[in-house]
Amino acid sequence: MKFIHSADLHLDSPFKSRTKMPHNIFEELTSSTYKSVTRMFDKAIEEQVDFIIIAGDVFDRENRTLKAETFLKKGFERLKDNGIFVYMIHGNHDPLSENVKSKWPDNVSVFKENVETFESVSQKGERVFLHGFSYFMDDSYENKLDDYPVNHLNEGIHIGILHGTYSKNRYDQARYTEFNLETLNSKLYHYWALGHIHVREQLSDLPPIHYPGNIQGRHKNEYGDKGFLLVEGDDVYLSTSFIKAHEITFAEYALEMKTLNKQDIYQRIVEFKERLREAGKKIIQLTINHEGDEELSEIDYKELLELLHEDEQDVRNFIWIDNLSINYLNQNQTAILNDIKASYSDNEEIFKEALNTMYMDPKINRHLPPMQNLKKEDYLSLGEERLKMLMRK
């Protein structure tokens, strides 16, 4: 048996906060989820899988768009033409309601609000039982894990489909249908196809319990490779392999810079982007780490970012810098130095007092030049370097 486990397609995600992007990049972003789902359908046909599981949040909200429904229906019809079935549940972002009256091809089975079971037969004649339920109306609902049937007879292959939150989940995501592994294991299923958490994660090996993550990242917190799981095996064991399907990758990077000269920064970032470009389209958060005492002015910062953005217009494999931040590693020391200089560097009385102290000390004054040859700027510079050295200790 072979099937695809996917979840959290969020087909009509609005991306409203991205309207400042160039038209080409914004269009790529808004269509990225559709391209990712198309890749999944292509892979299903290529691998001739028995069925696809979509474990919730097919759409991004209850009032899904006509574009999303039409796209999905055409995709399901392609699968039908290739003898591939679809088993789908609705999650907290796309709950069932009286207003949802989608008509899918007859190869698509949608779980209703109460736990139910669909039976399927693989191409090799294996009986497969799929158990699950869809969220209904809104986010408030009772936990229905007790209603999943237990596999007492151990006949065929049993798969649980659930859109919910692992009780030990460490990710910052709203918690729905909380579960623990003991509860899932008690059902004696061969595989649990989970949805809701947008990070790929395996919770158990026996039986396999997986989150595939979402199919396409939508913002900076959904970084890295995105896609679905290809699952194959029998009633003894089902193995999984991750298949990348994303169109655009969200990522975070940092560069070390010894100077904050805007030309140097620009050239370094351009070279860095060219290396990234080989791996495809990215939207990135970039941090410049600077250990020196320079500061990049606001005018230079805006000019730099504007030029970097202009470079990505009409570029196929764009590297869009969504946020550029400067991390001043010596910020505290620089602030203290600036405060000292502002308070004392122009104070002639303090300077004369310091000089008199040095020239009155016989252990020091023999190493000093005549006072009339002394340049104030040189001694202030030496004093600043000495303060920097002391602060680094």
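None of the values given here were measured: they were computed from a predicted structure.
Remark: the His246 side chain and the Gln216 side chain contain no N/O donor-acceptor pair separated by less than 3.5 Å. Neither side chain, Tyr266 nor Asn261, offers a donor N or O lying under 3.5 Å from an acceptor on the other. A donor and an acceptor atom, one from each side chain of Gln267 and Gln263, are nowhere located under 3.5 Å apart.
In this structure, Arg200 is positioned above the aromatic face of Phe242, its NZ or CZ under 6.0 Å from the six-membered ring centre and within 45° of the axis. A cation-pi arrangement is present between Lys67 and Tyr34 under the rule of less than 6.0 angstrom and at most 45 degrees off the ring axis.
Aromatic rings of Phe228 and His5 (six-membered ring for Trp) have centroids beyond the 6.0 Å cut-off, not under it. Aromatic pair Trp192/Tyr148: ring centres closer than 6.0 Å. For His10 and His198, the distance between ring centers is under 6.0 angstrom. Annotation: Tyr191 is in aromatic contact with Phe3 [ring centroid separation under 6.0 Å].
Of the charged side-chain nitrogens involved, none lies within less than 4.0 Å of a carboxylate oxygen, so that Asp234 and Lys124 do not count as a salt-bridged pair. Between Glu46 and Lys43 there is a salt bridge, since a side-chain N of the basic residue sits under 4.0 Å from a carboxylate O of the acidic one. Salt bridge status for Glu271 with Arg268: absent, with no side-chain N to carboxylate O gap under 4.0 Å. The existence of a salt bridge linking Glu252 and Lys220 is excluded, since no basic side-chain nitrogen approaches an acidic carboxylate oxygen closer than 4.0 Å. By the 4.0 Å N-to-carboxylate-O rule, Lys103 lies too far from Glu69 to be salt-bridged with it.
Val231 places none of its side-chain heavy atoms less than 4.5 Å from the side chain of Met1.
Tested against Lys282, the residues Trp320, Phe318, Tyr253, Phe250 include a single side-chain contact (heavy atoms from CB on, under 4.5 Å) partner, Tyr253.
A donor-acceptor distance shorter than 3.5 angstrom exists from the side chain of His190 to the backbone of His158, with no hydrogens or angles considered. Judged by distance alone, with hydrogens and angles left aside, the side-chain atoms of Lys226 form no donor-acceptor pair with the main-chain N or O of Pro212 at under 3.5 Å. Put simply, the side chain of Asp57 gets close to the backbone of Asn92: a donor and an acceptor are under 3.5 Å apart. Checking side-chain atoms of Ser204 against main-chain N and O of Ile209 turns up no donor-acceptor pair under 3.5 Å. A donor-acceptor pair is defined here as one N or O able to donate and one able to accept, closer than 3.5 Å; no such pair exists between the side chain of Asn82 and the backbone of Ile84. Ser6 contributes a side-chain N or O that, together with a main-chain N or O of Ile53, makes up a donor-acceptor pair within less than 3.5 Å.
Using a 30° and 60° split on the angle between ring planes, Phe111 and Phe118 fall in the perpendicular class, above 60°. Using a 30° and 60° split on the angle between ring planes, His131 and Tyr189 fall in the parallel class, below 30°.
Here the NE2 atom belonging to His309 is positioned 8.5 Å from the CD atom belonging to Glu312, to the nearest 0.5 angstrom.
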